[in-house]
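By convention here, the first residue in the shown sequence is residue 1.
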Amino acid sequence: ASTYLGTGSNDWGYFIDTDPNNDIYLCGYIASAPSLTPTAGVYSSVLGKNTIYKVNSALTSIIYKTKFGTQIATSINNNLVYTAFEVDSCRNIYIAGTVTNTYMPASANAIQNIVKGPSDMYFAVFRNDMSSLGYGTYFGGTRDEHVDGGISNFTKRGMLYQGICSSGRLP
């Protein structure tokens, strides 16, 4: 089976995963925040350009779609740059990446609730089927921290292994 997902703008799929029901999750970006209307009842941000779609295993219907984050600059490249993505057995959604010129949601118990340098790492867990943000935090020092693709991974139990390039001191 195959299908198309997205809006009428430039959209990108970045990671894909499945849950225990074999439903399919795709995370990526949309070029224009107003071009995507999230499914009612899921966590979302009006100006978000980072997206997650959940599609049934037959690829015949979208179960939900959402957008999150808020792009600060106008460049299309200033989003969360995904480095890891996972859907656990309870359908919680884990994302990690590098943030540049984008506001991502931080939870009350975050390690760091703002970007401290030109870019920082970001990690979040969205609750079962994107119902809410369970945890969100930035992580970085006062200089540039980023990840070059392919060296980050979540386990099915939600443990993140992430290599970080840093030009300053990490906390």
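Residue Gly48 comes nearest to Ala33 through the heavy atom pair O-CB, 3.4 Å, listed as atom of the first residue, atom of the second, then distance.
Ring geometry for Phe126 versus Tyr43: interplanar angle of 30 to 60°, hence tilted. Relative ring orientation between Trp12 and Tyr29 is described as perpendicular, the plane-to-plane angle rising above 60° on a 0-90° scale split at 30° and 60°. A tilted orientation is assigned to the rings of Tyr94 and Phe123, their planes being inclined by 30° to 60°.
The OG1 atom of Thr83 sits 8.5 Å away from the OH atom of Tyr14 when rounded to the nearest 0.5 Å. Atom CG of Asn56 sits about 7.5 Å away from atom CD1 of Ile24, to the nearest 0.5 Å. Taking CZ of Phe154 as the start and CD of Glu86 as the end, the distance is 8.0 Å to the nearest 0.5 Å. Within the model, atoms NZ of Lys49 and CG of Leu80 stand 13.5 Å from one another, a figure rounded to the nearest 0.5 Å. From Ser89, atom OG reaches atom CZ of Arg157 across 9.5 Å, with rounding to the nearest 0.5 Å.
Looking at heavy atoms from C-beta onward, Tyr122 lies in side-chain contact with Pro105 at the 4.5 angstrom threshold. Side chains of Asp120 and Val99 form no contact here, defined as non-hydrogen atoms less than 4.5 Å apart. For the pair Val87 and Phe85, the minimum side-chain heavy-atom distance is below 4.5 Å. Side-chain contact between Tyr82 and Ile95 is present, with at least one heavy-atom pair separated by less than 4.5 Å.
Judged by distance alone, the side chain of Tyr53 and the main-chain N or O of Ile62 form no donor-acceptor pair under 3.5 Å. Side chain of Ser45 to main chain of Gly69: a donor-acceptor pair is present (N/O by atom type, distance under 3.5 Å, no hydrogens or angles). Here the side chain of Ser57 pairs no donor or acceptor atom with the backbone of Asp23 at under 3.5 angstrom. No side-chain donor-acceptor contact under 3.5 Å links Asn92 to the backbone of Asp88. A donor-acceptor pair is defined here as one N or O able to donate and one able to accept, closer than 3.5 Å; no such pair exists between the side chain of Thr66 and the backbone of Val42. Tyr138 contributes a side-chain N or O that, together with a main-chain N or O of Met104, makes up a donor-acceptor pair within less than 3.5 Å. Remark: side-chain polar atoms of Ser107 are paired, donor with acceptor, to backbone N or O of Gly136 under 3.5 angstrom. Judged purely by atom type and a 3.5 angstrom limit, Lys67 has no side-chain atom pairing as donor or acceptor with the backbone of Asn50. Remark: the backbone N or O of Ala106 is not paired with any side-chain donor or acceptor of Tyr135 at under 3.5 angstrom.
Of the N and O atoms on the side chains of Tyr25 and Asp19, at least one donor lies less than 3.5 Å from an acceptor on the other residue. In this model, a donor atom of one side chain and an acceptor atom of the other lie less than 3.5 Å apart for Thr7 and Asp11.
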**Request:** With side chain to side chain contact (heavy atoms under 4.5 Å, CB included) as the test, would you mind laying out the steps for Leu36 and Lys65 before giving the verdict?
**Result:** CA-CA 8 Å; Leu36 182 98; Lys65 57 187 175 180; 3.9 Å; yes
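Both Leu160 and Ile111 sit in one connected hydrophobic cluster of ILVMFWY residues. Membership requires side-chain heavy atoms under 4.5 Å apart, directly or through other members. Residues Leu47 and Val115 do not share a hydrophobic cluster, defined by chaining ILVMFWY side chains whose heavy atoms lie under 4.5 Å apart.
A salt bridge between Asp17 and Lys156 is present, with a side-chain N of the basic residue lying under 4.0 Å from a carboxylate O of the acidic one. Remark: Asp129 engages Arg91 in a salt bridge, criterion side-chain N to carboxylate O under 4.0 Å.
Taking Ser131 as the reference, Arg127 meet the side-chain contact (heavy atoms from CB on, under 4.5 Å) condition, with sequence neighbours excluded.
Evaluated for a side chain to side chain contact (heavy atoms under 4.5 Å, CB included) with Val55, the options Thr60, Leu26, Leu5 yield exactly one hit, Leu5.
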